[in-house]
Amino acid sequence: DKGGHKHFMAKEIAEQPTVLAEAIRSYLTPDGKGIALPGDGIDFTTVDRLTMVACGTASYACLTAKYWFEQFARIPVDVDIASEFRYREPPIPARTTALFVSQSGETADTLAALRYCHEKAERIVSVVNVPESSIARESDLALPIHAGVEVGVASTKAFTCQLVVLLLLALKAATDRGEMSADELAAHLAELRSLPGVLNAALERGKDVRKVARKLAEARDVLFLGRGLMFPLALEGALKLKEISYIHAEAYASGELKHGPIALIDKTVPVVVMAPRDALFDKTVSNMQEVMARGGKVLLITDSEGAQDAGEGVWQQIILPSVAPILTPILYALPAQQLAYHTAIAKGTDVDQPRNLAKSVTVE
Ligand code: M6R
């Protein structure tokens with residue numbers, strides 16, 4: 001049932017405020033000020049290293065979480081795509097927790113990577129949407145994301161729910177390890193609880209995205225740029241766009257621009273810059289200006305402060321509400337998804353069943 005939407009993807013994008021609220025609620029203590037994990041939970045004081053493994057969109061959730069875990073909890077994190085991890089057979093140091101993220105819980109490479117970690121990692125944790133899946137069953141602890149069934153091949157609500165669960169884990173790790181006070185935690189959780197309302201406000205601006213997408217649909221190649229937490233989001237935006245609109249899209253960390261991709265810039269290649277007005281904003285903007293100085297067309301996704309400071313001369317803008325810096329990846333996932341969706345609609349491709357792709361990749 002598409003719930004009145006034309007596509008499952010549209011429905012699943014629209015559902016995010018509701019499913020996220022449920023995911024958040026299910027991991028908070030009744031007073032909303034603490035984090036309660038299911039089962040025996042995880043005591044992060046005994047974790048020296050976190051190895052995160054996944055495929056596709058789930059791997060971008062891991063990459064985002066690396067910033068959170070390192071910044072808040074000061075735990076070193078490796079992120080690997082499962083198909084590389086499993087055959088590289090990496091050494092697993094003592095006191096490593098291995099964390100697998102998978103919507104379906106059945107992705108062949110992720111499951112094989114998990115099996116490789118049996119008897120090697122101190123603990124195997126998974127973040128899954130399907131609690132009875134193979135990956136969940138073979139983990140010491142399975143953390144559900146509560147996204148509900150996701151039908152669209154392009155993952156949307158599962159990604160943002162994965163981000164919520166991973167953020168809560170990182171905050172839990174930070175408090176366990178004495179890197180964050182109970183008051184700081186409570187403040188972050190209060191921000192997180194207000195996120196569904198902010199997402200609703202962002203979704204209401206869907207029409208603006210649709211207008212921009214009509215123009216983007218004319219491009220053959222698109223670049224996505226972001227720094228810090230926006231780098232994994234740029235990767236996700238590019239993946240979504242190529243998956244369902246078949247437009248060639250690449251993502252780079254903004255700082256890598258000069259190391260090669262800037263050679264691609266001309267007026268035919270739109271550059272999507274994801275840049276909330278955060279601590280790294282000025283750096284990203286200077287990369288954006290390098291693009292514009294070479295005749296590149298910039299689509300800036302930012303908040304109103306960012307638009308005021310750097311919006312001049314850009315080709316297109318999508319303006320989002322402002323949120324606490326730690327929440328920007330969850331918010332900026334929405335325009336990334338909507339942009340891909342409306343671009344695909346403008347091109348007339350099959351949004352829910354894109355060519356050559358399966359929802360769950362159970363063979364390698
Ligand atoms: O079920 P999983 O989360 O393990 O799936 C991983 C990828 O196959 C999946 O995220 C894929 O990249 C999506 N089609 C992205 O939209």
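One-based numbering, in listed order, for ligands and for the atoms of each. Please read all numbers here as calculations on a predicted model, not as lab measurements.
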| Between H259 and Y252, does the ring centroid distance fall short of 6.0 Å? | no

| query | In ligand 1, which numbered atoms sit nearer than 4.0 Å to a non-hydrogen atom of A154? | reply | 16 (O)

| request: Measure from NZ or CZ of K157 to the centre of the six-membered ring of F159, then state whether that distance is under 6.0 Å and the direction lies within 45° of the axis. | output: no

| task | Count the heavy atoms of every other residue, nucleotide or ligand shown that sit under 6.0 Å from CG of D31, and state whether that count exceeds 12. | result | yes

| Can you name the nearest heavy-atom pair linking A234 to L225, along with the distance? | CB-C, 3.9 Å

| ligand 1 atoms in contact with S155 (distance to a heavy atom under 4.0 Å) | 15 (C), 16 (O)

| remark: atom 8 (O) of ligand 1 sits nearest the protein heavy atom V361 CG2, 4.1 Å

| With only distance considered, is Q103 within less than 3.5 Å of ligand 1 through an N or O on each side? | yes

| T46 side chain reached by D43 side chain, heavy atoms, under 4.5 Å | yes

| message | As a check for students: among L357, T107, T57, identify the option with a heavy atom nearest to atom 2 (P) of ligand 1. | response | T107

| Numbered atoms of ligand 1 (with element) below 4.0 Å of G56, judged on heavy atoms | 12 (O)

| request: Verify the neighbour count for atom CZ of R74: are there more than 12 heavy atoms of other residues, nucleotides or ligands below 6.0 Å? | output: no

| task | Begin with the C-alpha distance, continue with both residues' side-chain angles, and end with the deciding distance and a verdict on side chain to side chain contact (heavy atoms under 4.5 Å, CB included) for T362 and T107. | result | CA-CA 5 Å; T362 52; T107 299; over 6 Å; no

| request: Kindly check if the number of other-residue, nucleotide or ligand heavy atoms within 6.0 Å of NZ (K215) is above 12? | output: no

| field | Protein contact of atom 14 (N) of ligand 1 - nearest heavy atom, named by residue and atom, plus distance | value | E243 OE2, 2.5 Å

| query | Which residue supplies the protein heavy atom nearest to atom 7 (C) of ligand 1, what is that atom called, and how far is it? | reply | C55 O, 3.7 Å

| message | Has R355 got a side-chain atom pairing as donor or acceptor with I244's backbone, closer than 3.5 angstrom? | response | no

| How far is atom 1 (O) of ligand 1 from its nearest protein heavy atom, and which residue and atom is that? | S104 OG, 2.7 Å

| request: May I ask you to check whether T110 has an N/O atom sitting below 3.5 Å from an N/O atom of ligand 1? | output: no

| Where does E106 meet ligand 1, judged by heavy-atom distances below 4.0 Å: at the side chain, the backbone, both, or neither? | neither

| said: Below the 3.5 angstrom mark, is there an N/O of K240, backbone or side chain, next to an N/O of ligand 1? | reply: yes

| query | Does an N or O anywhere in V153 fall below 3.5 Å from an N or O of ligand 1? | reply | yes

| message | With a 4.0 Å cut-off on heavy atoms, is S360 in contact with ligand 1? | response | no

